[in-house]
Amino acid sequence: MKIATWNVNSVAARLARLTSWLADTQPDVVLIQETKSTDDRFPVAAIADAGYEVAHYGQGQWNGVAILSRVGVTDVQRGFGDQDPEARIIGATCGGVQVYSCYVPNGRSLEDPHYRYKLDWLGRLGELASTRPVGPFVLGGDFNVAPSDLDCWDPPSFLGATHVSEPERAAIRAIESTGLIDLIRVLHPDEPAYSWWDYRGGAFHQNHGLRIDLLLVDETLGRRATAGYVDREARKGVKPSDHAPVIAEFDLESEG
DNA sequence: ATGACTTACTAGGTAAGA
C-alpha cells in the first residue's frame, strides 16, 4: 500500500497537477492539506475520474483537509469532535488502515496568539494519538514544525522563529511518545529530506527548505514500510505547490 | 530591509502562508 501526504496549497489551483500526479504516482491513499475549498466546490468529479473517492473537510479561503482513496473511505471524522473554528483535521479508515490528514496551525510568530493556538492544537493531536485504537495507524500532514535542526536548511537564521522552537518540537516528541514513528526520518536518519521550500528567492533551486510534512506511523506499520521518500519532482515545473508530497510504501501482506 | 512569491477574494489591495 502506498500512502502520501501533500499540502497542495489550493486544490483548485493545483487540480491539473494533482490529477496528473495521481496517474503517475498511483498512490492508494493521499492525505491532502490546504484545499482552500468549501465542500461544495471540491472537485469531486475530477478526482473520481482519476479513480479516487474523496472525504473532505473544507472551510473556504483558508485551511481545508481531505483524504483521497482508491481502497475505500469509511468512518470519516471531521475535526477533533470539539470546538475548533478552523478545518484542520480529517480521519478515515482506508483499506484497513486508520489515517488522519492534519494541517497544524502556522503559529505566525512566538508572540502571536496564533502560536498559543498552535501549541494547544498540537496538544489535542497528542490526545488523539494517545487514545487511538490498536491497529494500523497513519497520522500524516503538514505539521508546520521542523522536528530537529537537520530538518532546517539554516538553523541560525531561524532562531526565535516558529517551526523550530523548543515547545513545538517537544509537542512533536509527545505525539511520537504515544508509539508513533517519524517514518522518513527513521528510514533516512542523515538526509535533510525537506518537504517545503519558500516560493520566494529561488529557495527550491538552492535547496533552502524545511522538513515539516510528516508521516507518523505506528510501530507495526513502521516495520512493514518498504520505502519512504519525498517526491521532489512534484515541486518542479509550472505552478507547483510550495510543498512536495511525502510518500510511504508498506507491505501489508507478509507476516510480521 | 520583514522584502522576495502565490493564493483567495474580488477587481484594488489585503491577509495569510512558513
Side-chain angles (χ1 to χ4, degrees), chain A residues 5-18 21 31-43 46 56-66 84-89 101-122 125 140-169 171-172 184 192-214 230 232 234-246:
Chain A
T5 182
W6 192 10
N7 179 323
V8 296
N9 187 14
S10 167
V11 71
R14 219 64 59 209
L15 185 56
R17 288 196 62 131
L18 175 59
W21 178 84
L31 312 174
I32 301 268
Q33 302 85 39
E34 276 206 274
T35 67
K36 297 185 175 178
S37 178
T38 59
D39 292 343
D40 286 350
R41 287 199 297 250
F42 195 95
H56 182 232
Y57 180 32
Q59 180 179 336
Q61 182 171 6
W62 306 114
N63 310 312
V65 284
D84 184 348
E86 305 192 350
R88 292 184 174 277
I89 185 163
S101 172
C102 72
Y103 177 45
V104 175
N106 174 291
R108 297 174 189 162
S109 74
L110 301 187
E111 303 77 26
D112 196 292
H114 205 250
Y115 178 71
R116 171 46 57 185
Y117 172 57
K118 180 181 195 174
L119 293 179
D120 290 345
W121 205 93
L122 283 166
L125 206 50
D142 177 358
F143 285 74
N144 270 320
V145 179
S148 80
D149 278 356
L150 180 59
D151 305 310
C152 177
W153 70 276
D154 186 22
S157 72
F158 278 77
L159 284 174
T162 60
H163 294 64
V164 300
S165 76
E166 183 49 34
E168 292 167 86
R169 287 176 166 175
I172 298 297
I184 272 57
Y194 302 141
S195 63
W196 172 87
W197 301 261
D198 202 308
Y199 282 125
R200 298 168 291 188
F204 180 69
H205 182 68
Q206 300 170 77
N207 201 25
H208 292 175
L210 299 175
R211 191 178 71 91
I212 55 177
D213 299 275
L214 310 178
V230 178
R232 287 178 56 94
R235 182 61 176 77
K236 301 177 182 176
V238 180
K239 278 192 63 160
S241 169
D242 45 355
H243 296 251
V246 178

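Order of the sequence lines sets the chain letters (A, B, ...), proteins ahead of strands, with each chain counted from 1.
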**Message:** Quick test of your reading of the model: are A:Asp151 and A:Arg169 salt-bridged, counting only N-O distances below 4.0 Å?
**Reply:**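 Salt bridge flag = no for A:Arg169 with A:Asp151.
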Students often get this wrong, so: under 4.0 angstrom with heavy atoms, is [X] touching a base, only sugar-phosphate, or nothing?
| X | result |
| --- | --- |
| A:Asp142 | sugar-phosphate |
| A:Asn144 | sugar-phosphate |
| A:Asn7 | sugar-phosphate |
| A:His208 | nothing |

Could you work out the separation of [N] and [M] based on their [atom1] atoms and round it to a whole Å?
| N | M | atom1 | result |
| --- | --- | --- | --- |
| B:dT6 | B:dA11 | P | 23 Å |
| B:dA1 | B:dA15 | P | 24 Å |
| B:dG12 | B:dG17 | P | 26 Å |
| B:dT2 | B:dA8 | C1' | 22 Å |
| B:dT10 | B:dA16 | P | 15 Å |
| B:dA4 | B:dA18 | C1' | 14 Å |

**Asked** First and last nucleotide of DNA chain B touching chain A, 5' to 3', heavy-atom cut-off 4.0 Å?
**Response**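 Range of nucleotides touched by chain A: B:dA4 to B:dA18.
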Side chain to side chain contact (heavy atoms under 4.5 Å, CB included) partners for [X], two or more places apart:
| X | value |
| --- | --- |
| A:Glu111 | A:Ser109 |
| A:Gln61 | none |
| A:Pro105 | A:Arg88, A:His114, A:Tyr117, A:Lys118, A:Trp121 |

**Asked** Can you name the residues that form a salt bridge (charged side-chain N to carboxylate O under 4.0 Å, His left out) with A:Asp198, not counting sequence neighbours?
**Response**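 With sequence neighbours excluded, A:Asp198 shows a salt bridge (charged side-chain N to carboxylate O under 4.0 Å, His left out) to A:Arg200, given in chain and number order.
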**Prompt:** Under the salt bridge (charged side-chain N to carboxylate O under 4.0 Å, His left out) rule, what pairs show up with a residue in residues 156-165 of chain A, not counting sequence neighbours?
**Reply:**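 The answer is none; no pair qualifies.
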